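Note: hydrogens, waters and symmetry copies are ignored here, and every other heavy atom, side chains too, is used. Note that the coordinates shown come from a computational prediction; the quantities given were computed from them, not determined experimentally.
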Protein chains: 2
Amino acid sequence: MTLSNRQYKDAIYDQLARLGKAVASPTRLELVDLLCQGPRTVESLARQAGQSVANTSKNLRLLHAARLVETARQGTYVTYRLAGEEVCDLFRTLRKLAELRLTEVEAITRDFLESRDTLEPVDREELIRRVHDGEALVLDVRPREEYETAHIAGALSAPLSELKDFLSELPQDKQIVAYCRGPYCVMSIDAVRLLREEGFEAVRLEDGVPDWRARGLAVEAAGAQP
Amino acid sequence: MTLSNRQYKDAIYDQLARLGKAVASPTRLELVDLLCQGPRTVESLARQAGQSVANTSKNLRLLHAARLVETARQGTYVTYRLAGEEVCDLFRTLRKLAELRLTEVEAITRDFLESRDTLEPVDREELIRRVHDGEALVLDVRPREEYETAHIAGALSAPLSELKDFLSELPQDKQIVAYCRGPYCVMSIDAVRLLREEGFEAVRLEDGVPDWRARGLAVEAAGAQP
DNA sequence: CCTATTTTCAACTTCTCTGTTGAATAGTTG
DNA sequence: CAACTATTCAACAGAGAAGTTGAAAATAGG
């Protein structure tokens, strides 16, 4: 026998712990969250996560060692992407657990959201109905590149940074639903606030594309801007 | 505004990382795995995980701080249990990812299993059919207390340690299917080997009760021994 | 071939985690 | 109430991780 029971168990739990360690750092979790939105270069990830490129590279390398991400060279850039849908599932499982168990998360979220506006998130089924009936318009306020990777079916791309330029093209008579990366992302909150200041009726959708996809709802890969 | 975007994000990812850290240690993962089988006392967990009681207590305390487990006093013992079904889901998500991504896990498992016998695990649907038709008999070879907490519907309790005493009661003409805690638990492997040595036709079921339950298949809470 | 750019590596400091040991705490039971 | 026992706490040494800095490797394009 090459391994005793105990040695075997230790080896297995060590392997599982490799995955645990990989998601034991806030920085790496943020990277995984960003990568759930689509592939990215090291530099882009570093910028968005507010970390040095060197540190981002190191953390990505760690995620790679745990087989959570894969790399591909594109010209002078290296593009990282999730190793599979299941990695996103892991992130969502963690998030769900956090929401259920860690009242602190809820408190932080509430603190933050209350400090802005009270923006009731919209209901999914209701949203689909309204869009179908032409009562509502869905805006994807993430950066254009993320929209191009994937977006909720029927949504228009209106990056938060360029939202002001889109205002004149938006219908005044429809409700506008803004979404971004997910419940902890604040871009849609800012977008809704801006839209309301401009007189639009706007609400926030808490889901991001990964949530949407995980529920089996329609997602488009790359859509034309009308 | 009480928090900036960045502070808010940091706080959220910190909370998620708390969960990640909790499952970043092999020892704690083993504890979670054991607790997936049912509530346990500190001493019992320490014995099974091969750790000192003090260290086990400390790690359980850590899991408790991450809201993954709950405690209850029973007589002079403290009983720990998972804080919810979702914790088990997290463990299973990790395990699934490990199986998919970490070829090392597969290699270790194969090494180990080959070093024993080649025990082809049985197919779930096929198993249900055979049990229903009376062609097969399902044995739960985990310790009696785990069986009493929950077991696969229709299974008999035959703890590995007492399996020898049960041999005379087992039918020679039926196939015997043994299961234990899950794919990484080796009790069912030992059981199958023993049964085969004694002339029974025995196979191993890879699933444990948590997997079985998670698939929505029937689980009984406490069953009488025939 | 050489340069500019992106990414990775290596060394280092600071901080945190792990498991052990021995003592303290908190309940239960006689 | 006192003795007993399971559990937890506190302090410690060793190991390992996080992020910084500066330099090296790899690639595209002139």
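Listed nucleotides D:dT7, C:dT18, D:dA18 differ in distance to B:Ser25; the shortest reach to its side chain belongs to C:dT18. Closest to the side chain of A:Arg73, out of D:dA26, D:dT20, C:dT20, is D:dA26. Which of C:dT8, D:dA18, D:dG19 sits closest to the side chain of A:Asn55 comes down to D:dG19. Distances were taken from every side-chain heavy atom of A:Lys58 (C-beta onward) to each of C:dT20, D:dT7, D:dG19; the shortest belongs to D:dG19. Which of D:dA18, C:dT20, C:dT18 sits closest to the side chain of B:Gln51 comes down to C:dT20. The side chain of A:Val78 sits closest to C:dT8 out of D:dT7, C:dG19, C:dT8. For B:Ser57, counting side-chain heavy atoms from C-beta on, the closest listed nucleotide (D:dT7, D:dT21, D:dA17) is D:dT7. Among C:dT7, D:dC9, C:dG19, the nucleotide with an atom closest to any side-chain atom of B:Thr27 is C:dG19.
At D:dA6, none of the side-chain N or O atoms of B:Tyr80 fall inside 4.0 Å of OP1 or OP2 (strictly under the cut-off). A:Ser52 has a side-chain polar atom (N or O) that falls below the 4.0 Å cut-off from OP1 or OP2 of D:dT20. For A:Asn59 and D:dG19, the shortest distance from a side-chain N or O to OP1 or OP2 is below 4.0 Å.
Here the P atom of nucleotide C:dA26 and the CZ atom of B:Arg61 are 13 Å apart, to the nearest Å.
Using a 30° and 60° split on the angle between ring planes, A:Tyr13 and B:Phe91 fall in the tilted class, from 30° to 60°.
Residues A:Tyr179 and A:Asp140 bring a donor and an acceptor atom of their side chains to less than 3.5 Å of each other.
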